Participant: 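Let me begin by handing over the structure; questions about it come next.
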Amino acid sequence: MQYDHKKIEKKWQDIWAQNKIYTTPDSAPGKENFYLLVEFPYPSGNLHVGHWYAFAVPDILARFQRMQGKNVLYPIGFDAFGLPAENAAIKNKVNPRTWTDGNIKFMKGQIESMGTSFDWSREVATYTPEYYKWTQWLFLQLYQKGLVYQKETAVNWCPNDKTVLANEQVVDGKCERCGHVVEQRQMLQWNIKITDYADRLIDDLEPLDWPNEIKESQKNWIGRSEGAEIDFQVVFGESDIKYNYIFLHGKGGSPESDFWPWLKVQLERRGHRVQAPAMPNPADPSDEEQADHVQKNCTFDEHTILLGHSFGGIVALRLLERGVKVEAVTLIGTPTSGVYLDGKDRPSVTKAAQKGFNSEKINASSKRIVLLYDTNDHVVPLSDGEALVKQIGGHFFTAKAEKSHFNAKIEPEVLRYADPTLTVFTTRPDTLFGATYLVLAPEHPWVTLALGHKTVLENNDEVASYVDRTQKMSDMDRQTTKEKTGAQLKGVMAINPATNEKIPMFIADYVLPQYGTGAIMAVPAHDERDYEFAKKFGLPIRQVVSSDSDLPYTGTGTIMNSASYDGLSIEDAKKMMIEAYGRRKTTFRLRDWIVSRQRYWGVPIPMIHCEKCGAQPVPDAHLPVVLPDVEDYLPEGSGKSPLAKVDSFVNVKCPKCGGAAKRETDTLDTFVDSSWYFLRYTDPKNAVEFASREKQDAWLPVDLYSGGAEHTTMHLLYSRFWHKALYDIGLVKDPEPYKRRMNRSLIMGPDGQKMSKSRGNVIDPDEVVNMLGADTVRMYLAFIGPYAEVASYPWNPDGVVGVRRFLERVARAEEYVQAEDVASLNGPLHKAIKKIGEDITLMKFNTGISQLMILQNAIEKDKKIEKAQFSTMLQLLAPFAPHITEELWNKLGNESSIHTQPWPAFDAKYLVDDEVVIAVQIDGKTRGEFTIASDADKAAVEAAAKAAVAARLDGKTISRTIVVPKRLVNFVLEA
RNA sequence: GGGCAGAUGGCGGAAUUGGUAUACGCGCUAGGCUUAGGACCUAGUCCCGCAAGGGUUGGGGGUUCGAGUCCCCCUCUGCCCACCA
């Protein structure tokens with residue numbers, strides 16, 4: 001047959017589409033379902049070789065599984081929201097929807113040209129309201145579950161374009177568009193609490209059928225580390241100030257309730273004085289009455305610190321209004337407005353709070369005001385805390401209470417803010433005796449607090465300028481390793497709890513604010529970074545783990561210079577020192593997932609901001625919140641998305657109180673869209689659910705997920721988290737979405753470099769397909785090397801031609817078809833059936849193809865093949881080269897498609913050869929070989945082997961003979 | 001600096017998992033067909049050597065009758081993360 005790929009490929013693609021042979025039912029009688037998933041593409045406008053590799057090669061497996069009798073779901077769609085569409089909109093003034101529509105249409109044609117067996121009836125695209133309605137709905141499900149919150153977070157800000165920049169828009173710390181230096185700017189953003197799932201995301205990896213390297217990188221990314229938190233007391237100046245604490249408990253409480261008894265012990269252990277009055281009428285308190293009581297029964301001095309929990313905070317402020325002079329006041333979870341999150345009526349508290357506060361008098365009476373708010377507080381809304389600080393001034397900190405509203409028996413955060421105390425995180429508590437200074441991140445809240453009270457630090461200006469300098473730095477600059485910098489916090493010292501020594505405190509940008517507690521104890525003798533810093537600032541270095549190596553030493557050893565711990569192993573010392581000086585603590589590198597994007601082209605975040613009610617979710621009945629068309633896609637001046645300029649979109653009624661409110665104008669990170677798309681494939685047209693339980697049950701979890709290594713951590717982690725959250729809510733039945741995952745290799749340019757326009761080494765698949773055909777390109781990519789390997793293969797233009805040559809030879813073999821059975825082909829044919837089946841299952845397409853080539857070589861030997869044998873060969877080739885095999889199959893007189901045929905079975909009797917070649921070794925070195933009947937007995941084999949190397953055995957004594965059946969004979973000679 | 005993966009002909013790679021190293025393809029060489037061309041056919045192609053023979057899986061050591069494969073040390077390369085305490 002003349003192989004004209006252009007004619008054949010178009011013809012069969014049309015016929016397959018017409019006959020809908022790839023439309024997948026949710027169940028098929030007698031067939032097991034198999035869900036093969038590939039990552040859906042971004043509709044950038046043009047398909048590259050990588051897309052072919054991603055879609056056409058797994059298609060071989062899909063086709064094979066179908067021939068094996070499985071009902072295979074192999075779906076495709078488009079991840080259609082994102083930055084490039086918006087950039088194109090700004091640059092070419094085209095509507096991003098129009099741009100995306102056009103791209104999808106064009107790319108569909110390209111994908112169809114591959115001859116893949118995608119079921120297009122299940123196509124999804126994330127930018128359709130039918131899809132993103134459910135993205136919004138699922139987001140709100142997470143919100144209701146308490147997994148979504150707002151937080152001030154730093155973003156990349158271009159002061160020239162007045163816009164927020166994505167990380168990829170920042171090049172060398174500069175704006176990619178205008179070249180201006182990028183700054184960091186705080187913005188209120190929506191976050192999802194993926195960190196709540198950190199442990200499960202690690203632990204649930206264990207049973208999954210995933211390659212080890214993917215599991216490992218996920219574990220690394222999450223970065224669980226076991227260590228300890230240790231508190232360091234801070235003292236001012238040279239004198240040891242002892243404070244006079246007055247505890248003011250809340251409504252319904254007593255000095256014996258909540259954290260008070262524990263806190264009393266902690267403070268008294270540090271030598272402070274504690275007064276803890278039992279307040280009058282705790283069940284129905286009056287602020288003035290309680291203030292009277294405190295004023296009458298407690299003593300005050302210049303180092304008095306008031307600690308007010310909840311209602312007690314109001315009492316504290318009343319005391320200050322009366323002119324009671326104190327050093328500081330710390331308000332812990334203080335209620336003010338009377339709006340309570342738990343809906344409980346508290347008339348006495350509301351009455352007290354609504355009287356308001358005299359901020360002038362309050363500020364005149366105290367040097368420091370600190371308000372500590374629990375991010376999980378279910379009693380007091382965040383806005384209350386913020387409003388109070390706005391009114392009376394002072395410092396507002398959010399912290400995580402052990403129990404909501406600080407109601408646990410032990411609340412370390414309270415101690416941290418009540419007493420000038422710093423908590424550090426360390427994985428080496430055993431080296432505590434060697435901690436000769438502390439280092440805080442410049443952003444540490446304690447530093448902010450100290451700077452706010454200009455009297456605390458002797459070198460306020462110096463510290464302030466270092467903090468400022470750090471804040472201006474981009475992440476990139478900060479993370480580039482360079483010489484250590486920092487500034488000492490002069491006027492304050494910390495006390496090493498183990499040695500009781502006063503040690504200096506520093507701020508330095510090598511300590512990261514987001515990790516651990518944002519503060520470290522520096523042990524220069526056993527940490528390289530601390531060592532560097534200590535050398536630069538002339539700080540003492542004390543070795544506490546014995547070693548003969550040069551400093552800094554991080555290896556194993558025994559403890560020294562640590563009093564009663566001397567001689568212990570590191571592990572034992574760790575345990576004992578945690579018990580004596582700190583608490584066990586696990587931290588994670590993983591941070592919460594910021595999902596807000598100040599962008600137009602994305603899913604609108606379905607939230608409404610009401611002055612009165614705070615942030616409110618859009619009711620389900622109003623979903624989807626449709627992305628409106630806008631006229632200009634440039635961001636609004638304050639950095640918000642262009643949506644902020646659309647009044648008709650922004651202005652809405654509050655769903656709770658009905659008053660005037662404003663819509664959230666940020667859109668969701670596209671990783672949210674792609675976190676659940678594989679669920680939608682199971683039920684793509686459902687208008688009342690994101691996917692029915694029945695359809696999910698038919699297909700989930702995904703049997704095999706094939707994708708790129710670049711998604712190993714982010715996408716895979718996000719979608720696993722998303723699935724677990726849905727599982728906890730009861731929306732999906734499995735805790736893990738993907739049974740098996742594999743990362744494909746990479747295709748490079750002919751020069752071995754990554755394909756890129758600037759290098760000029762880009763291979764355009766359309767051109768190659770035009771010249772050599774889709775079957776050739778598919779098969780070449782499958783042949784180039786093992787598919788599921790951490791590897792990269794250069795595209796070899798000559799190699800492609802070799803594959804084309806092979807297909808031409810197959811086409812020519814049609815002429816060798818004749819009536820009589822060709823016995824000599826049964827061996828190669830049945831071996832091929834077995835081997836190719838195994839290889840495809842293992843995703844080793846390259847060796848499967850080799851086997852086909854070996855078979856083809858055998859056919860060409862005698863240029864004869866029987867019709868049934870040729871049919872079988874075509875079936876073996878069909879998953880790889882669907883068009884040419886269909887054509888040849890059709891020419892053999894078959895009516896139905898080759899792709900609906902079962903996979904051929906092999907006959908074991910043809911797998912064994914009649915004769916085998918056996919190698920003969922002497923002392924393990926190959927010295928000869930002979931051919932013998934494969935069923936020859938051991939004695940005959942040994943005799944033949946001796947004969948084969950007779951000359952070399954002459955005069956030697958054989959001490960041992962090893963016979964490996966059908967392989968080799970090894971004679972071991974006497975020494 | 002940390003984690004992971006890897007190193008086999010001129011190139012991409014194969015090796016039944018401890019049993020004849022270099023399958024299959026590319027490239028190269030020679031010859032043939034052809035007016036010509038190669039996206040044709042045939043033969044050859046790990047290295048040294050005329051041969052007999054000897055050597056060879058990044059380097060070194062070990063275990064074993066036998067190691068590309070297992071163990072230890074070293075070198076180099078790729079990918080991901082990166083001042084994570």
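All figures in this text were calculated on a predicted structure; none of them were measured in a lab. Chain letters run A, B, ... following the sequence lines, proteins first, then strands; residues in each count from 1.
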Participant: Going by atom types alone, do A:R809 and A:N857 pair a side-chain donor with an acceptor below 3.5 Å?
Facilitator: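 There is such a pair between these side chains.
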Participant: Does the plane of the ring in A:H715 sit parallel, tilted or perpendicular to the ring in A:F671? Use 30° and 60° as the thresholds.
Facilitator: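 Taking A:F671 first and then A:H715, their aromatic rings lie parallel (interplane angle under 30°).
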Participant: Figure out the CD1/C1' separation between A:I578 and B:A85, and round it to whole Å.
Facilitator: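 Distance check: A:I578 CD1 to B:A85 C1' gives 14 Å.
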Participant: By the 4.0 Å heavy-atom rule, please label A:S225 as base, sugar-phosphate, or nothing.
Facilitator: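 The residue A:S225 makes sugar-phosphate contact but no base contact.
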Participant: I'd like the P distance from B:U16 over to B:A7, given in whole Å.
Facilitator: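 Rounded to whole Å, the distance is 14 Å.
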Participant: Which is more 5' along RNA chain B, the nucleotide nearest A:I854 or the one nearest A:A919? Just name the residue.
Facilitator: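 Counting from the 5' end, the first nearest nucleotide belongs to A:A919.
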Participant: From the options B:G13, B:A85, B:C24, select the nucleotide whose nearest atom is closest to the side chain of A:Y515.
Facilitator: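 Of B:G13, B:A85, B:C24, B:A85 is nearest to the side chain of A:Y515.
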Participant: Does any donor atom in the side chain of A:Y705 or A:N743 lie under 3.5 Å from an acceptor atom in the other side chain?
Facilitator: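 No donor-acceptor contact under 3.5 Å links the two side chains.
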Participant: For A:R927, which contact category applies under a 4.0 Å heavy-atom criterion: base, sugar-phosphate, or nothing?
Facilitator: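 Answer is sugar-phosphate: A:R927 comes under 4.0 Å of backbone atoms only.
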Participant: Take atom P in B:C72 and the same atom in B:G3, then report the distance between them in whole Å.
Facilitator: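 Roughly 16 Å separates the two P atoms.
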Participant: The side chain of A:T926 lies closest to which of these nucleotides: B:A21, B:G19, B:A85?
Facilitator: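 From the listed options, B:A21 comes nearest.
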Participant: Let me spell it out: for each of A:P794 and A:V917, pick the nucleotide of RNA chain B with the closest heavy atom. Which residue's pick is nearer the 5' end?
Facilitator: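 The 5'-side residue here is A:P794.
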Participant: Would A:K864 and A:D862 pass as an ion pair if we require N to O under 4.0 Å?
Facilitator: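 Answer for the salt bridge query: no.
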Participant: What integer number of Å spans the C1' atoms of B:G9 and B:U29?
Facilitator: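 Approximately 16 Å lies between the C1' atom of B:G9 and that of B:U29.
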Participant: Is the count of non-hydrogen atoms from other residues, nucleotides or ligands lying under 6.0 Å from A:K219 atom NZ greater than 12?
Facilitator: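 Yes - once you tally the heavy atoms of other residues, nucleotides and ligands closer than 6.0 Å, there are more than 12.
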Participant: In terms of side-chain heavy atoms of A:K484, which of B:G12, B:C83, B:C26 is nearest?
Facilitator: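 Selected nucleotide: B:C83.
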Participant: In whole Å, what is the span from the NZ atom of A:K219 to the P atom of B:A82?
Facilitator: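 Those two atoms, NZ and P, are 19 Å apart.
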Participant: Measure from the side-chain heavy atoms of A:N220 and tell me the nearest of B:G3, B:G25, B:A39.
Facilitator: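 From the listed options, B:G3 comes nearest.
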Participant: So, is B:G55 syn or anti if syn means the angle is within 90° of 0?
Facilitator: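 You should classify B:G55 as anti.
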Participant: Under 4.0 Å between a side-chain N/O of A:R960 and OP1 or OP2 of B:C65, yes or no?
Facilitator: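 Yes, because at least one side-chain N or O of A:R960 sits under 4.0 Å from OP1 or OP2 of B:C65.
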Participant: For the P atoms, the ones on B:G10 and on B:G6, what distance do you get once it is rounded to whole angstrom?
Facilitator: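 It comes out at 23 Å once rounded to the nearest Å.
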Participant: Roughly how many Å is it from CE in A:M742 to P in B:A5, rounded to a whole number?
Facilitator: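 Those two atoms, CE and P, are 17 Å apart.
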Participant: So, does A:N857 get its side chain near the phosphate of B:A23, meaning an N or O under 4.0 Å from OP1 or OP2?
Facilitator: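 Checking B:A23 against A:N857, no side-chain N or O comes under 4.0 Å of OP1 or OP2.
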Participant: Under a plain distance cut-off of 3.5 Å, with no hydrogens placed, do A:T195 and A:D592 share a side-chain donor-acceptor pair?
Facilitator: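 Checked: A:D592/A:T195 side chains pair up, N/O donor to acceptor below 3.5 Å.
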Participant: Could you give the CD-to-C1' distance, from A:E860 to B:C24, as a whole number of Å?
Facilitator: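 For the pair A:E860 CD and B:C24 C1', the rounded distance is 14 Å.
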Participant: Using atom C1' of each nucleotide, how far apart are B:A21 and B:A15 to the nearest Å?
Facilitator: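 Nearest-Å result for B:A21 against B:A15 at atom C1': 7 Å.
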Participant: So for atom NZ, which belongs to A:K834, do other residues, nucleotides or ligands contribute more than 12 heavy atoms lying within a distance under 6.0 Å?
Facilitator: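 Atom NZ in A:K834 is not crowded, with 12 or fewer foreign heavy atoms closer than 6.0 Å.
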Participant: In whole angstrom, what separates A:W210's CH2 from B:C4's C1'?
Facilitator: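 Rounded to the whole Å, the gap is 16 Å.
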Participant: Is there a side-chain polar atom (N or O) of A:S850 under 4.0 Å from OP1 or OP2 of B:G13?
Facilitator: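 A:S850 to B:G13 OP1/OP2: no side-chain N or O under 4.0 Å.
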Participant: From B:G19, B:A85, B:C65, pick the nucleotide closest to the side chain of A:T426?
Facilitator: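 It is B:A85.
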Participant: Only Watson-Crick and G-U wobble pairs with both distances less than 3.5 Å should count. Give RNA chain B in dot-bracket notation, marking inter-strand partners with |.
Facilitator: (((((((..(((......[....)))((((((.......))))))(((....)))..(((((..]....))))))))))))....
Participant: What about A:F783 and A:F880, are their ring centers closer than 6.0 Å?
Facilitator: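 Centroid separation for A:F783 and A:F880: 6.0 Å or greater.
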Participant: A:F533 CZ to B:A85 P: how many Å, rounded?
Facilitator: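 Roughly 18 Å, once rounded to whole Å.
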Participant: Of all the nucleotides listed (B:A85, B:G13, B:C4), which has the minimum atom distance to the side chain of A:E216?
Facilitator: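 Out of B:A85, B:G13, B:C4, the nucleotide with an atom closest to A:E216's side chain is B:C4.
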Participant: So, A:T485 and A:Y466: side-chain donor and acceptor under 3.5 Å apart, yes or no?
Facilitator: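 Per modelled atom types, A:T485 and A:Y466 side chains form a pair under 3.5 Å.
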Participant: Does a distance-only test, which skips hydrogens and angles, find a donor-acceptor pair under 3.5 Å between the side chain of A:N970 and the base of B:C65?
Facilitator: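 Answer is yes: a donor-acceptor pair is held.
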Participant: What is the distance, rounded to the nearest whole Å, between atom CG of A:L807 and atom P of B:G25?
Facilitator: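 A:L807 atom CG is separated from B:G25 atom P by 13 Å.
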Participant: Separation of A:L968 atom CG from B:A21 atom P, in whole Å?
Facilitator: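 Nearest whole value for this atom pair: 9 Å.
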Participant: Start with the C-alpha distance between A:Y437 and A:N496, add both sets of side-chain angles, then the distance that settles side-chain hydrogen bond (donor to acceptor under 3.5 Å, both in side chains), and finish with yes or no.
Facilitator: CA-CA 8 Å; A:Y437 59 97; A:N496 181 324; over 6 Å; no
Participant: Choosing from B:C83, B:A85, B:A39, which nucleotide comes nearest the side chain of A:V511?
Facilitator: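 Comparing B:C83, B:A85, B:A39 against the side chain of A:V511, the answer is B:A85.
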Participant: What contact category does A:F425 fall into here, base, sugar-phosphate, or nothing, at under 4.0 angstrom with non-hydrogen atoms?
Facilitator: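 Touches a base.
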Participant: Among B:A23, B:A39, B:G54, which nucleotide sits nearest the side chain of A:R952?
Facilitator: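 Closest nucleotide among those given: B:G54.
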Participant: When the P atoms of B:G62 and B:G68 are considered, how many whole Å apart are they?
Facilitator: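 Result for the P pair: 15 Å, nearest Å.
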Participant: Using the side-chain heavy atoms of A:E929, tell me which of these nucleotides is nearest: B:C81, B:A85, B:U20.
Facilitator: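 Side chain of A:E929 sits closest to B:U20.
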Participant: Distance check, P atoms only: B:U45 and B:A39, in whole angstrom units.
Facilitator: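 These two P atoms come out 24 Å apart once rounded.
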Participant: Taking atom C1' in both B:U64 and B:G13, what distance in whole Å separates the two?
Facilitator: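 Those two atoms are separated by 29 Å.
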Participant: With sugar-phosphate meaning primed atoms plus P, OP1 and OP2, does A:G802 contact a base, only sugar-phosphate, or nothing at under 4.0 Å between heavy atoms?
Facilitator: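 Since only primed, P, OP1 and OP2 atoms lie under 4.0 Å of A:G802, the category is sugar-phosphate.
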Participant: Tell me whether the side-chain N/O atoms of A:R967 come closer than 4.0 Å to OP1 or OP2 in B:G66.
Facilitator: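 Checking A:R967 against B:G66: no side-chain N or O falls below 4.0 Å of OP1 or OP2.
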Participant: Under 4.0 angstrom, heavy atoms only, what part of the nucleic acid is A:I784 near: base, sugar-phosphate, or nothing?
Facilitator: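 The answer is sugar-phosphate, as A:I784 gets under 4.0 Å only of primed atoms, P, OP1 or OP2.
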Participant: Would you mind classifying the nucleic acid contact of A:K844 as base, sugar-phosphate or nothing, using non-hydrogen atoms under 4.0 angstrom?
Facilitator: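 Counting heavy atoms under 4.0 Å across all strands, the contact made by A:K844 is with sugar-phosphate only.
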Participant: If you compare every side-chain N and O of A:N846 against the phosphate oxygens of B:A14 (OP1, OP2), does one of them come in below 4.0 Å?
Facilitator: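 For B:A14, OP1 or OP2 has a side-chain N or O of A:N846 closer than 4.0 Å.
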Participant: Please work out if A:Q921 contacts a base, only the sugar-phosphate, or nothing of the nucleic acid, heavy-atom cut-off 4.0 Å.
Facilitator: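 Base contact.
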Participant: Counting only side-chain heavy atoms from C-beta out, which of B:C41, B:G12, B:A5 sits nearest to A:V790?
Facilitator: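 Nearest nucleotide to the side chain: B:A5.
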Participant: Side-chain contact test, heavy atoms from C-beta onward, threshold under 4.5 Å: evaluate it for A:K831 versus A:Y910 and give yes or no.
Facilitator: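 No. Closest side-chain heavy atoms not under 4.5 Å.
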Participant: Pull up the glycosidic torsion of B:U17 and say syn or anti, syn being anything within 90° of 0.
Facilitator: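 It is syn.
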